[in-house]
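Notes for the one structure printed next.
Lettering follows sequence order; numbering is per chain, from 1. Here the structure is a predicted model, which means the values were calculated and not measured.
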Number of protein chains: 2
Amino acid sequence: MVKKRPVLKESEFFSKGQLYFLPHISIDCVIFGFHNNELKVLLLQWKETLKWCLPGGFIYRDEHVNDAAIRILKSRTGLEDVYLQQFYTFGDPQRDRGNHGVKQKKNSWINDRFITIGYWAIVEYSQVKPTADEFSKTCEWWDIDKVPKLILDHNDILKEALESLRKNVNEYPVGKNLLPPKFTMPDLQRLYETLLGKKLDRRNFQKKMLSLDILQRLKERKSGVAHKAPYLYKFDEKKYQRALKQGLKFGL
Amino acid sequence: MVKKRPVLKESEFFSKGQLYFLPHISIDCVIFGFHNNELKVLLLQWKETLKWCLPGGFIYRDEHVNDAAIRILKSRTGLEDVYLQQFYTFGDPQRDRGNHGVKQKKNSWINDRFITIGYWAIVEYSQVKPTADEFSKTCEWWDIDKVPKLILDHNDILKEALESLRKNVNEYPVGKNLLPPKFTMPDLQRLYETLLGKKLDRRNFQKKMLSLDILQRLKERKSGVAHKAPYLYKFDEKKYQRALKQGLKFGL
DNA sequence: TCAAAAGTGTTCGTAATACACCCATGG
DNA sequence: CCATGGGTGTATTACGAACACTTTTGA
């Protein structure tokens, strides 16, 4: 169980000269969603500079790094129990060499060198309530192809996260996390096509997905659509969990 | 180019009360070798407690984390330019919960909580000169199946490293790094069998390896062996590099 | 009524798997 | 001289890729 932590304002980061957080170490989260057949990523905009960045935060001195990532994720999305994956730790001493830094206060601990631990998460778009933090003006979804220049090395981090996610696509059924509970086969295909960046054959795709034996076709069809109405599917929870344990391969 | 760093004794870790290294962050290296058809890992033994651990170290305040890993690796093996891979960052606040800690000096910075960044390396066994550091008595190769209880969570780290290495086996030709320049096809097969933990068919293995078109068969055969003398192979440097760029799949 | 999208099934080629024969060597 | 390990080739299978026809729907 993850310990509850108060949300601190910057003025409360210190107690008797002692920083609540570990110095020099931060966490950055790349939060992916899927909507309108587009892959989205959640970004924050700084109040003063109006520059964009990945949601991130620091680690309490007695907090598990993974718990810190969960906490940060929850504070920006409102979601718990999401698929969250640590993918790389960025340790360049000049991570701000691109000159998109956010130096704000002189001699602040926040201007020290930071090593950042990168996590990515896949979440159900419609469930997310994007929530800004104390330092930021807004928190918004961005189309992955339209992401602006971010602060520090956050564009690099995003790039690496995407690569890591793509590698996972063939080993983990990401649909469960990125799609709503009920979805159509074409929906699922769009998702994979977007993630993999290539077109897939409709029929072979369906065959492969069904052969994994983790989907359950519902009797209903999608209503109010043009052309022939596609069936709705959902993940069969039991089979899904069983398949996860023994590790399933996609090979798309 | 990696900056040269002096090897500091513990008494020299501080200058005017300022620690040379980043606090709370360490690096641990899992260094793999292959010898006598067995997968080996390089371990250090502490002088006082005689407990074993992974080679590790700290990060200079202005040093790239990857460079720190390279530096640590070189100081324990004498090798540069090895295949080194960051695989996970371990962030449990009670990493010493197993009670195999090495608390030595009270109130020392070294007893603080540490987050450690894990790297694994694959090296050519015969090229390595295992070298102990200031704190350790010896530095030795251990059979991967006979590794003793290590300090802190180092057994976990080793386990994760092995898993990460195994995942890489199918995407990276590890033979080049783990075998001597000249080797036989059975040698290569033993390596893969050890890494994957399963027997492979002799003939299919050879077919697959040759089909990758990165090996070059030499005219010589291995001498002084019982039974039919196997051919020697080496990696064709050009083809090897070309294959690496376009990414080759093994599927073993 | 017809274009566009969805459901279903067949063929084909390649790649993985299984397996058999001959050759060389040291004990 | 034969048991053991190594070199090479072939049959079989499985899976992914390519592809065709029918059905449904709203504009």
**Report entry** A:Leu188 CG - C:dA5 P separation (whole Å)
**Finding:** 18 Å
Query raised in the report: Could a donor-acceptor pair under 3.5 angstrom be found where the side chain of B:Lys207 meets the base of D:dT10?
Result: yes
Report task. Would you mind telling me which residue lines up with the more 5' stretch of DNA chain C, A:Arg190 or B:Val225, judged by nearest nucleotide? Result -> A:Arg190
Requested in this report: Would you tell me if any nitrogen or oxygen in the side chain of B:Lys208 comes within less than 4.0 Å of OP1 or OP2 on C:dA16?
Outcome: yes
Requested in this report: For A:Lys199 and D:dA18, give me the distance from atom NZ to atom P, rounded to whole Å.
Outcome: 15 Å
Query raised in the report: Any donor-acceptor pair under 3.5 Å joining the side chain of A:Arg202 to the base of C:dG7?
Result: yes
Query raised in the report: On a plain distance test, is the side chain of B:Arg203 in donor-acceptor contact with the base of C:dA20 below 3.5 Å?
Result: yes
Query raised in the report: Is the phosphate of C:dA6, meaning OP1 or OP2, less than 4.0 Å from a side-chain N or O of A:Gln206?
Result: no
Query - Nearest-Å distance for atom pair CD/C1', residues A:Gln189 and C:dG7 - result: 13 Å
Query raised in the report: NA contact type, B:Arg217, heavy-atom cut-off 4.0 Å: base, sugar-phosphate, or nothing?
Result: sugar-phosphate
Query raised in the report: Checking A:Asn170 side chain against A:Leu252 main chain: does a donor-acceptor pair fall under 3.5 Å?
Result: yes
Query raised in the report: Do B:Asp201 side-chain atoms and B:Asn204 backbone N/O form a donor-acceptor pair below 3.5 Å?
Result: yes
Query raised in the report: Going by the angle between their ring planes, with limits at 30° and 60°, are A:Tyr83 and A:Tyr172 parallel, tilted or perpendicular?
Result: parallel
Query raised in the report: D:dG7 P sits how many Å from B:Glu220 CD, rounded?
Result: 14 Å
**Report entry** Spacing of A:Met209 atom CE relative to C:dT8 atom P, expressed in whole Å
**Finding:** 17 Å
**Report entry** Basic-acidic side-chain contact under 4.0 Å: A:Glu237, A:Lys176
**Finding:** yes
Report summary line: Of B:Pro186 and B:Asn204, the one whose closest nucleotide on DNA chain D sits nearer the 5' end is B:Pro186
**Report entry** Nearest-Å distance for atom pair CG/C1', residues B:Leu200 and C:dA16
**Finding:** 12 Å
Query raised in the report: B:Tyr125 vs B:His35 aromatic rings, parallel, tilted or perpendicular, using cut-offs 30° and 60°?
Result: parallel
Query - Distance, rounded to the nearest Å, where A:Asp201 contributes CG and C:dT8 contributes C1' - result: 13 Å
Query raised in the report: Can you tell me how far P of D:dG5 sits from NZ of B:Lys222, to the nearest Å?
Result: 14 Å
Query - Donor/acceptor link under 3.5 angstrom from A:His227 side chain onto base of C:dA4 - result: yes
